[in-house]
Amino acid sequence: MVETPGRRPRLSFEQIIRLLSNSLFFLLLGFLLLFVAYWNSGTVPAWMTLINIVLVALLLVGVGGLLLAGDSRRVDQFYRFCSSGLFFIALGMVFLFLAHWSMGSAHAGMTFVLVVLGVAVLLYGTGTQGMGEFKTDAAAAKYNVAIAGGAGVLAFCVAFGIIEYSPKMRDAFQTEKKFVRLLIKSVDGSSNIPSYAPTFEIDGVAIPAARRGNLVEVFVPYVTSELVSSSTARQAKTNDASPPKIVATPDDNVCKDAGNLEAFAKLHGDAVTKTIYAIFYRVEAKDTLKPKEETAFRVKLDQPLFDKRGGGSDYPIYPVQMCVNLQAKDSATTVISQAGSALTAATGKEVPQNVPNLIFNQIGVQ
Amino acid sequence: VTSKIVGLLAAFLLVLSGTMTPAMISGDVCSAYRNVIEGGSATAVPIVPDRLLTNWREALSCLVPIIGGLNASVTSPKFSPETQSKFLSATGAVRAIMTRLSLSDEKLKTATEEQRRNQDTLNDFIKAFRGLDNLDVTSMLTFGARSDNYDMRLNSVLILGNVVDNQTVCVPLTHLNDPELDKTDYGINGRTNLLGIIAVVAPWALKQNFESIKATRDSIFQSIRKNDPNLKQTYALLDNVQARLDVQTQGTNKSEEVPSNWRGDCKKYIEQYRLKPENTRNLQY
């Protein structure tokens with residue numbers, strides 16, 4: 001420390017390093033981990049989180065600058081506080097509180113990271129820090145910093161491992177059913193799905209579904225072992241000389257809009273196919289609609305393509321939407337069979353005799 | 001003073017009610033239909049609820065202008081997703097009304113005279129539609145009948161096949177003379193559909209329509225590949241058009257001129273469609 005008579009003591013380089021190695025280091029490390037976790041969980045766009053972190057970091061530096069204002073005594077006080085066990089216990093509790101507070105809305109992985117961080121920092125405050133406070137000479141201080149760094153790195157490694165390998169960790173312990181949401185809608189302007197009570201089943205076992213307006217959301221169950229889970233697995237499967245099998249022709253039930261067909265074209269042929277048998281029972285008296293419609297929907301369990309926006313990774317949306325046509329064909333035939341019935345002879349003109357029938361009725365609309 | 005204020009207010013309200021035009025009134029009524037039809041998205045087609053179709057005359061007076069209003073945004077048989085959604089929604093509603101009346105007609109065949117009285121029929125619907133439509137509406141339905149979406153083709157043909165007449169048949173005829181029509185698979189389907197529509201009018205066609213139908217039919221017959229199995233239905237319909245034209249005699253509609261104002265509208269439509277001169281020679285307006 002450089003002391004100048006009559007002036008406030010100035011910060012030395014060593015003090016700045018000590019300061020950073022304690023409070024700001026841990027805070028920034030924590031925020032970095034939060035950023036990585038948010039980015040991975042997909043709940044908040046990466047750029048938004050990054051901006052938040054930069055703003056918080058600037059705020060911290062600004063507040064620190066105002067509080068300390070280059071006064072070495074205050075820095076020493078702040079340093080001692082930041083090195084105390086109480087500080088780390090409080091910091092750990094803040095992390096644990098954040099985990100508890102965001103548990104309902106944040107992804108489970110995010111909560112896990114916060115809990116790990118909170119516990120790690122709390123433990124550091126109760127154990128390691130106490131040991132560090134006991135020693136006063138320079139060599140011991142270095143030893144103390146090494147332990148603190150070790151705890152931080154350990155927490156960082158654990159958190160990184162959780163984030164990086166979370167799918168594999170989850171898959172290893174998760175044998176229960178998962179669900180992908182299949183959206184079934186109508187696009188013909190007549191097939192009113194709310195007029196029906198649909199049932200869905202796979203191999204005779206009923207599966208859950210929910211209606212939202214003029215579409216039905218079917219929860220297709222699967223287990224992890226059925227998935228083509230990653231591009232590596234895909235590559236391994238397709239390395240056997242044969243080219244990757246891409247599903248060539250869409251079923252009739254696949255909605256034919258350009259975006260949907262594009263999504264369909266990306267589906268991998270090797271993915272396990274689930275066939276959902278559906279029966280739509282009409283519950284309203286409507287002549288324009290079929291009284292009952294039996295159909296089947298084929299779903300390819302190509303997990304990398306599942307849409308995790310909205311429902312997150314627990315209830316992703318199947319990228320290809322299905323369309324159902326519930327219009328009664330008989331009604332169309334009845335309408336077209338009357339074509340021309342309202343045409344008449346002009347005033348004073350004869351009615352044509354022996355008019356051949358319209359063959360349009362037999363050919364149907366193309 | 002109070003009585004004067006009340007009197008002035010009453011007078012103001014009377015004047016206001018007198019200035020309310022039918023269009024303003026129907027505008028309020030039709031907003032419910034517009035809200036439903038325009039409330040969809042590129043991927044979801046809204047369905048007009050049954051409660052709005054109960055009074056079919058009111059529904060028709062709103063739905064037909066909505067269909068015609070889409071004409072400004074359509075210049076090819078490939079509609080934008082938003083226009084397609086609105087078109088399917090509006091034509092689906094019209095089709096639902098037609099189906100209801102058509103099935104009602106079937107039931108009325110076995111009904112007594114008393115039961116038939118005051119019952120709306122499909123012919124009533126067609127008359128009402130023709131009273132509301134114009135070449136914009138027919139143009140939209142014709143583009144729909146040759147579009148790249150089967151549901152649009154189906155709805156369009158079911159409506160147009162019933163409402164087409166001597167006033168509007170020039171629109172499908174114009175499209176049949178478009179050299180781009182058979183360049184795609186859906187275009188060939190569209191041509192089959194449009195041939196079916198002109199076949200409806202053929203036995204009743206007035207002079208210029210008769211000549212245009214005949215010239216267009218002959219032109220298509222000469223241009224298509226012979227013995228192509230994919231064009232079997234096109235051939236069958238060309239024969240059907242010819243057979244239905246052949247029933248006309250000198251005493252039937254073909255000896256009656258198309259009214260000049262109808263011909264004027266058709267000419268204007270053909271000009272707007274921008275066919276090349278060599279493709280308009282079949283259109284005798």
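Letters A, B, ... are given to chains in the order of the sequence lines, protein chains preceding strands, and every chain is numbered from 1.
Within the 4.5 angstrom heavy-atom criterion, only side-chain atoms of B:D151, from C-beta onward, approach chain A. Contact annotation for B:D246: neither backbone nor side-chain heavy atoms come within less than 4.5 Å of a heavy atom of chain A. Only the backbone of A:A328 comes within less than 4.5 Å of a heavy atom in chain B; its side chain stays farther off. For A:S195, no part sits under 4.5 Å from any heavy atom of chain B, backbone or side chain. For chain B, no part of A:N260 is nearby; none of its heavy atoms comes within less than 4.5 Å. Looking at B:D105, only its side chain comes within 4.5 Å of chain A, counting heavy atoms on both sides. With a threshold of 4.5 angstrom between heavy atoms, B:I159 does not approach chain A through any atom at all. B:I126 touches chain A through its side chain: at least one heavy atom from C-beta onward sits under 4.5 Å away, while N, CA, C and O do not. Contacts of B:V48 with chain A are absent, with no heavy-atom separation under 4.5 Å from either backbone or side chain. Of the two parts of B:T91, neither the backbone nor the side chain holds a non-hydrogen atom closer than 4.5 Å to a non-hydrogen atom of chain A.
Contact count against chain A (heavy-atom pairs under 4.5 Å) is highest for B:R95 among B:E256, B:K127, B:R95. Chosen from A:S190, A:P352, A:G340, A:G348, the residue pairing most often with chain B at heavy-atom distances under 4.5 Å is A:P352. For chain B, the option among A:K286, A:K349, A:Q353 with the highest count of heavy-atom pairs below 4.5 Å is A:K349.
Residue B:N261 qualifies as enclosed at atom CG: its count of foreign heavy atoms under 6.0 Å is above 12.
For B:F221, the ring-ring contact (aromatic ring centres under 6.0 Å, His included) criterion is met by B:Y235, not counting sequence neighbours. In this structure, A:Y318 has no ring-ring contact (aromatic ring centres under 6.0 Å, His included) partners at least two apart in sequence or on a different chain.
Under the side-chain contact (heavy atoms from CB on, under 4.5 Å) test applied with A:L358, the options B:V200, B:L237, B:V241 reduce to a single match, B:V200.
Here the side chains of B:T252 and A:V351 are not in contact, with every heavy-atom distance at 4.5 Å or above. Within the 4.5 Å cutoff, no side-chain heavy atoms of B:N149 are placed close to those of A:K256. Within the 4.5 Å cutoff, the side chain of A:N357 has no heavy atoms near those of the B:N240 side chain. Put simply, the side chain of A:D188 does not reach to within 4.5 Å of the side chain of B:V45, judged on heavy atoms.
For the atom pair A:S341 OG and B:N123 CG, the distance stands at 4.5 Å (nearest 0.5 Å). We find the CD1-CD1 distance between A:I193 and B:I47 to be 7.0 Å, quoted to the nearest 0.5 Å. B:D50 contributes atom CG, which lies 7.0 Å from atom OG1 of A:T288 (distance to the nearest 0.5 angstrom). Separation of atoms CZ (B:R244) and CG (A:N354) is listed at 12.5 Å; rounding is to 0.5 Å. Atom CD1 of A:I336 and atom OG of B:S102 lie 10.5 Å apart (nearest 0.5 Å). Between A:Q338 atom CD and B:T121 atom OG1 the span is 9.0 Å, to the nearest 0.5 Å.
Under a 3.5 Å cut-off, the side chain of B:N253 and the backbone N or O of A:A346 do form a donor-acceptor pair.
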